[in-house]
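Heads up: the structure comes next, in structure tokens.
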There are 2 protein chains.
Amino acid sequence: MADATIRCMAVSARRGAPLSLEEISSTALRLMDAGGVEGLSMRKLAAELDVNPMSLYHHVESKEALLAQMCATAAERMHMPPDDDTPWQDQLRALATAYHEHAREHPAMWTYVHLHPELIADRRLPVWETLYRVLRLAGVPESELRRTSDVLHAFVTGFIIGEIQGHMPDDPGEIDRNFDTALNLIINGLAGFAS
Amino acid sequence: MADATIRCMAVSARRGAPLSLEEISSTALRLMDAGGVEGLSMRKLAAELDVNPMSLYHHVESKEALLAQMCATAAERMHMPPDDDTPWQDQLRALATAYHEHAREHPAMWTYVHLHPELIADRRLPVWETLYRVLRLAGVPESELRRTSDVLHAFVTGFIIGEIQGHMPDDPGEIDRNFDTALNLIINGLAGFAS
DNA sequence: ACCTGAACACCGTTCAAGT
DNA sequence: ACCTGAACACCGTTCAAGT
């Protein structure tokens with residue numbers, strides 16, 4: 001019986017269990033975290049999963065589609081700070097920090113997202129919901145929410161990429177001071193807007 | 001005589017003249033402008049120059065070195081607005097606009113620079129000289145010039161990449177309004193700093 | 001249903017040989 | 001001095017064949 005089931009599912013000769021999309025994309029993310037963008041190839045991914053490269057194409061349309069999938073689930077799962085009734089400045093700081101940390105955990109994937117902004121364009125994503133809420137608190141008029149959030153997001157990702165790709169931290173305190181400078185600039189700028 | 005010269009220079013069978021670094025990198029830039037990052041490969045570049053792919057390696061150490069070369073000369077040649085004694089806000093606007101336009105002319109190369117910030121790290125480059133001058137005018141203390149200029153540069157490149165890679169202009173006026181929002185945010189932020 | 005091997009059209013690059 | 005062809009170690013992906 002078990003033999004029959006296994007035979008009819010055409011399980012890989014090299015593996016016990018069939019592939020799943022979940023397994024594929026989490027392994028892919030691990031490869032990307034470890035080896036950068038060049039660390040992820042369909043062939044290396046297949047080797048890591050102990051499977052023929054072509055088997056992947058039964059679960060994923062293309063490498064691009066796989067990357068899109070990875071980014072989408074990462075963006076959905078991103079944990080955002082809740083509305084805690086503190087001043088908008090503090091909430092913006094918390095949001096930026098959460099974003100920042102997430103990006104530093106998955107720098108290569110983040111760089112890819114930055115280069116393909118359409119992958120997180122969905123305004124129902126937690127990041128955007130949270131950012132909109134904070135910007136409303138800051139007094140940004142409804143008609144300017146879209147534009148302002150786009151600009152801020154571009155700033156933050158620009159900063160993060162610079163940090164990821166740049167001369168890395170001799171002094172880790174230097175990172176924090178850069179981050180503070182960036183955030184203070186934005187908060188000052190927004191405050192000027194609202195008033 | 002001419003024959004002898006040509007023979008001893010071992011000129012390509014397919015071309016009249018020998019390759020030059022200048023010819024290589026300007027052709028490479030043209031390919032990149034036209035076809036994005038994927039538009040530039042050593043093999044396509046050689047084909048465009050009507051030369052064997054391996055000939056390129058006599059003038060350039062690697063593809064990476066070629067890209068570095070291209071970015072460096074582009075950054076050196078970038079034409080910056082002169083000090084015209086207008087308020088720093090106007091001068092910053094002029095600087096950002098010049099940068100913006102240059103990036104829109106060579107979006108793929110610009111994206112590459114953004115991903116390899118060390119390529120324009122040289123503080124003697126016109127961009128940095130100009131930015132430092134404007135930031136001094138804005139009242140940024142000497143000890144914060146490096147940090148502030150890094151952050152601003154990251155913001156601006158983040159914005160530009162977002163614009164290049166993002167949903168492109170349905171309405172070209174939309175671009176300008178985004179750009180204004182970004183710049184006003186920065187100027188407001190800096191003004192808060194200095195005071 | 002799912003997996004596979006061979007093949008195709010690409011990469012960047014090394015190396016020994018040509019003139 | 002400069003150019004070249006063959007070769008190597010990679011890519012993503014198609015397609016027909018296996019179970």
Side-chain angles (χ1 to χ4, degrees), chain A residues 1-25 27-28 31-32 34-70 108 112 115-116, chain B residues 1-25 27-28 31-32 34-70 108 112 115-116:
Chain A
M1 292 304 209
D3 279 352
T5 310
I6 287 171
R7 230 183 282 119
C8 110
M9 288 178 74
V11 153
S12 157
R14 289 128 88 194
R15 293 164 40 91
L19 280 174
S20 74
L21 191 56
E22 167 50 29
E23 193 185 4
I24 291 176
S25 67
T27 307
L31 283 182
M32 224 174 169
V37 199
E38 318 104 40
L40 176 61
S41 80
M42 297 302 269
R43 294 170 117 110
K44 283 183 202 158
L45 177 53
E48 190 75 12
L49 289 164
D50 209 5
V51 126
N52 185 288
M54 296 316 116
S55 303
L56 299 173
Y57 288 89
H58 264 271
H59 301 85
V60 142
E61 211 183 319
S62 65
K63 187 186 185 181
E64 214 176 306
L66 170 60
L67 281 161
Q69 231 268 351
M70 292 160 59
Y112 187 81
L115 259 27
H116 299 83
Chain B
M1 292 302 207
D3 279 353
T5 310
I6 286 172
R7 231 183 282 117
C8 109
M9 288 178 74
V11 154
S12 158
R14 290 127 89 193
R15 292 165 40 91
L19 279 175
S20 74
L21 192 56
E22 167 50 29
E23 193 185 4
I24 291 176
S25 67
T27 307
L31 284 182
M32 223 176 168
V37 198
E38 317 104 41
L40 177 61
S41 80
M42 297 303 270
R43 294 171 117 109
K44 282 183 203 158
L45 176 55
E48 189 76 13
L49 289 164
D50 209 4
V51 127
N52 185 289
M54 296 316 117
S55 303
L56 299 173
Y57 288 89
H58 263 271
H59 300 87
V60 143
E61 210 183 319
S62 64
K63 187 185 184 181
E64 215 176 305
L66 171 58
L67 281 160
Q69 231 268 353
M70 291 160 61
Y112 187 81
L115 259 28
H116 299 82

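All chains are named by letter (A, B, ...) in the order of the sequence lines, taking the proteins before the strands, and each is independently numbered beginning at 1.
One can place CG of B/Leu49 at 15 Å from C1' of D/dT4, the figure rounded to the nearest angstrom. With rounding to whole Å, B/Glu61 atom CD is found 16 Å from C/dG12 atom P. With rounding to whole Å, B/Lys44 atom NZ is found 17 Å from C/dT13 atom C1'. For B/Leu56 and D/dA1, the CG to C1' distance is 16 Å, given to the nearest whole Å. Atom CE of A/Met42 and atom P of C/dT4 are 14 Å apart (whole Å). At whole-Å resolution of the value, NZ in B/Lys63 and P in C/dT14 are 15 Å apart.
In the set C/dG12, D/dT13, D/dG5, the nucleotide with an atom closest to the side chain of A/Tyr57 is D/dT13. You'll find that the side chain of B/Met54 is closest to D/dG5, out of D/dG5, C/dG12, C/dC3. With D/dT13, C/dG12, C/dC3 as the candidates, the nucleotide lying closest to the side chain of B/Arg43 is C/dG12. Closest to the A/Asn52 side chain, of the nucleotides D/dT13, C/dT4, D/dT4, is C/dT4.
On a pure distance criterion of 3.5 Å, a polar donor-acceptor pair joins the side chain of A/His58 and the base of C/dC3.
Summarising the geometry, atom CG belonging to A/Leu21 is positioned 4.5 Å from atom CD belonging to A/Gln69; distances are rounded to the nearest 0.5 Å.
Using a 4.5 Å heavy-atom threshold, the side chains of B/Leu66 and B/Leu56 count as separate. Counting heavy atoms from C-beta outward, A/Glu64 and A/His116 have side chains that stay 4.5 Å or more apart. Contact of the A/Pro53 side chain with the A/Met42 side chain is not registered, since no non-hydrogen atoms from C-beta on lie closer than 4.5 Å. Considering only heavy atoms from C-beta on, B/His58 stays 4.5 Å or farther from B/Leu19 through its side chain.
Shown here, D/dT19 forms a base pair with C/dA1; the pair counts as Watson-Crick or G-U wobble because both key distances fall under 3.5 Å. Base pairing of C/dA7 is made with D/dT13, judged by Watson-Crick or G-U wobble geometry with both donor-acceptor distances under 3.5 Å.
OP1 and OP2 of C/dC2 both lie 4.0 Å or more from every side-chain N or O belonging to A/Ser55.
Residue-level contact check: A/Ser41 touches the backbone only, with heavy atoms under 4.0 Å from sugar-phosphate atoms and none from bases.
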